[in-house]
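In what follows, every heavy atom counts, from backbone to side chain, and hydrogens, waters and symmetry copies are set aside. All ligand and atom numbering here is 1-based and tracks the order in the structure.
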Amino acid sequence: MGLPPSIQATMNPDKGVISREIFVDPGVYQDELKKLFTRAWLFVGHESLIPKPGDFYASRMGEESVILCRDKKGEIHVFLNSCRHRGMKVCRYDQGNTSLFTCPYHSWSYTTDGKLQGVPLYRTLYEGQLERGDWSLIEVAKMVNYKGAIWATWDPQAPDFLTYLGGAKLHLDQVLDCRDGREGGSEVIGVQKWVLPANWKLAAENFLGDTYHNPSHRSVDLIGIGPSAVAGKKGRRDDEMENAKHVWVSFPAGHGVHSAIQPENNEYIESYKNDPIIEEYFRHCHNERKRRLGDQARVTGFTATYFPNTSSHARQPRGLCAWHPHSPTSTEAWRFFLVDKDAPENVKDMLRRYYMRYSGPAGMTEQDDMENWLYATNASVGTIARRYPFNYQQSLHAHSSNEFVPGTVSTQITEENARGFYRAWGAYMNDGSWSECLGEDNLKHPHATAAE
Ligand code: FES
Ligand code: FE
C-alpha cells in the first residue's frame, strides 16, 4: 500500500508540487513510522556520551525509546528500551552508568550487552519453560560508529551506512572531523532537547539548504551574534564564508547540503582580533587543514540534512540535530553540540557560549526558524488549507555538477534539495526497494559494499 490517491494527486516533486497532507495527516504519519523510521539509518548519539563500560544514554529512534550503551567489554549497543516481559521501560534515566538494567515492574534484569540475567523466582515459576537466551533486549539490526557518531537501523536488509550516505559523506566528515583536517576527534559538549509544535519534515527540510529563508533572521543579522562577538560586527557568523562560492547539493538518497567553496588561494580570514589565543587556534587549524587536504580543504561545510531526520551545522556553529517525531504536528529536537576533543578549554568555552546564543530553544537564530515551522504547521491543518499543495518550483532544472563535490549541484539558491528529499520520502512510503530508496548513484558509489 502506498500513499492514498488523494495525496498522490497533489504530490509531484519533479514538478515542484508537494501535498500539505503529508505534514498534518495522522495516517501518513503512522506510515512514516512504519515504513521510513524502521528502515532508514538514524542518528542515535555520540561515543563521547558513553566513554566508560556500563555508560548508557537514553535516545530515540522514531517515536521509540532506545538505550545507547557501552557494555562491560567496551562494545557499543543500541537496544529498544522495553522489557521483554510486559514492555516496561528498563531504563528511566537520561544517562548514567550501570552494571544491569533492572526493570522497575517485576524486576527482570538485563546485562549491559542486553542478555536477560535475573528473573525473580525463576526456579519456582519458570524452570523448564523460560529460555533466558531467547528473551534478550531487542537490539537494532545494524549499528555503526562513524567517526564517533552512532547510527543504527532496524532493517537487516539495509545497505551499510556509507552506501546509504553516498556522496553526502564529504559533508558529514566536515561535521565529525577535527577542525585541522584530522579524521574524527569530535566530542559532544552539551545536548539540548525540546519539543516544538511542528511537523518534523519542516525542520529537516530547512537544513537541507533552504537559504531562501534568510529574511527570517533579519533581527539577529542586524544585532550580530557571531562567534567572535566583536562589538559592531553584524551577522550570525564570522567572515570565513565572505569570499566563498555557495553551492546546494542534492543526493538521490534524500540527503541535501548547503556548502561553500573557497577561492583558490583559500586564505585564512581573521575573525577573532579581540582574542589572540583563539585567533591563533583557528588560524593554525585553517592552515593545517589546507596542508592535509589540499584543494579539498576549499569545501567549507554549512548546513545539511541526512535523510530522514538528522541535520547538521559543519562549522560555526557545529553539531548534529535529530528531529524526533512525536505526532504529525509535534517534534522533539535534540541538538548535540560538537567541538574538537583536544581543542583548548578557552576555545571550547567560547564555542559553547556561541552555540547557545545561536541554536536551541533559547538560541536567537533557532527561535526564528521554529516560529516559521510551527506557524506553517498550524496554518496547514485546516480543512481548506489541506486541499492546497505547497510550491517547490524554485530553480527547477537549474543544476549541474562540480569538480569538488559529488551530487546534483546548484550554484543558485534552489529547492532541488527539498524535491530530492521528497522523492526519496515517496520511495519509502511506496515500500520501494533499497535501490529505489537510495537511487542508483549511491549504489555505484565507491563506498558501496552491500546493497540489496
Ligand atoms: Fe519488566 Fe515485568 S515488565 S519485569
Ligand atoms: Fe534558519
Side-chain angles (χ1 to χ4, degrees), residues 64-65 67 79-93 98 100-111 114-122 124-126 129-130 132 134-138 192 194 196 198 200-226 235-237 241 246 248 256-260 301-305 311-319 321 323 331 333 335 354-355 357-377 394 413 415 417-418:
E64 295 177 84
S65 174
I67 309 167
F79 301 115
L80 192 67
N81 187 4
S82 181
C83 180
R84 296 296 304 276
H85 182 226
R86 284 295 183 284
M88 177 66 190
K89 263 188 170 181
V90 295
C91 174
R92 292 194 297 169
Y93 300 97
T98 191
L100 284 175
F101 293 105
T102 302
C103 179
Y105 201 168
H106 313 91
S107 298
W108 283 19
S109 60
Y110 301 85
T111 55
K115 304 221 165 49
L116 175 59
Q117 186 179 70
V119 176
L121 303 173
Y122 179 83
T124 323
L125 307 179
Y126 289 103
Q129 309 297 324
L130 169 66
R132 277 190 181 86
D134 295 340
W135 298 91
S136 300
L137 287 176
I138 296 158
Q192 286 186 327
W194 72 103
L196 55 142
W200 67 272
K201 294 188 290 303
L202 286 169
E205 187 191 303
N206 184 281
F207 278 82
L208 284 164
D210 177 355
T211 314
Y212 197 52
H213 80 280
N214 263 356
S216 301
H217 298 305
R218 190 149 166 70
S219 55
V220 279
D221 281 339
L222 280 173
I223 53 168
I225 59 158
R236 281 170 278 154
R237 304 181 193 94
M241 299 287 183
H246 289 240
W248 292 264
V257 173
H258 172 193
S259 187
F302 209 55
T303 66
T305 288
S311 298
S312 67
H313 279 117
R315 303 282 294 182
Q316 304 283 42
R318 177 174 160 208
C321 187
W323 310 106
T331 298
R335 189 170 278 294
Y354 169 57
Y355 295 166
R357 240 175 8 250
Y358 188 105
S359 299
M364 295 180 73
T365 309
E366 195 127 49
Q367 285 183 44
D368 297 335
D369 291 319
M370 284 190 288
E371 196 160 330
N372 291 322
W373 307 332
L374 65 93
Y375 276 95
T377 300
Q394 187 184 96
I413 294 176
E415 283 171 347
N417 295 9

Practice prompt. Classify the ring geometry between H246 and H258 as parallel (under 30°), tilted (30 to 60°) or perpendicular (over 60°).
Written response: tilted
Worksheet entry | Proximal ligand 1 atoms for C103, defined as those under 4.0 Å from one of its heavy atoms | 1 (Fe), 3 (S), 4 (S)
Worksheet item: Is D369 close enough that one of its N/O/S atoms sits under 2.8 Å from the Fe ion (ligand 2)?
Response: yes
Discussion item. Using a 6.0 Å distance limit plus a 45 degree cone around the ring axis, check whether R92 lies over the aromatic ring of F101.
Written reply: no
Fill in: Minimum heavy-atom distance between R357 and G226, given as atom pair plus value
NH2-O, 2.6 Å
Response to the item:
Atoms of ligand 1 under 4.0 Å from any heavy atom of H106, numbered from 1 in the order shown, are 2 (Fe), 3 (S), 4 (S)
Discussion item. Within the 4.0 Å heavy-atom shell around S107, which atoms of ligand 1 are there?
Written reply: 4 (S)
Worksheet item: What's the shortest distance from atom 3 (S) of ligand 1 to any protein heavy atom, and which residue and atom give it?
Response: R86 N, 3.3 Å
Discussion item. Less than 6.0 angstrom separating the ring centers of W373 and W200, yes or no?
Written reply: no
Discussion item. Test ring-ring contact (aromatic ring centres under 6.0 Å, His included) on Y355 and H313; report intermediate values, then the result.
Written reply: CA-CA 11 Å; Y355 295 166; H313 279 117; 8.9 Å; no
Response to the item:
So for W108 against ligand 1, with non-hydrogen atoms under 4.0 Å, the contacting part is both
Worksheet entry | atom 2 (Fe) of ligand 1 to nearest N/O/S of H85 less than 2.8 Å | yes
Worksheet item: So, the side chain of S136 versus the backbone of K115: is there a donor-acceptor pair under 3.5 Å, distance only?
Response: no
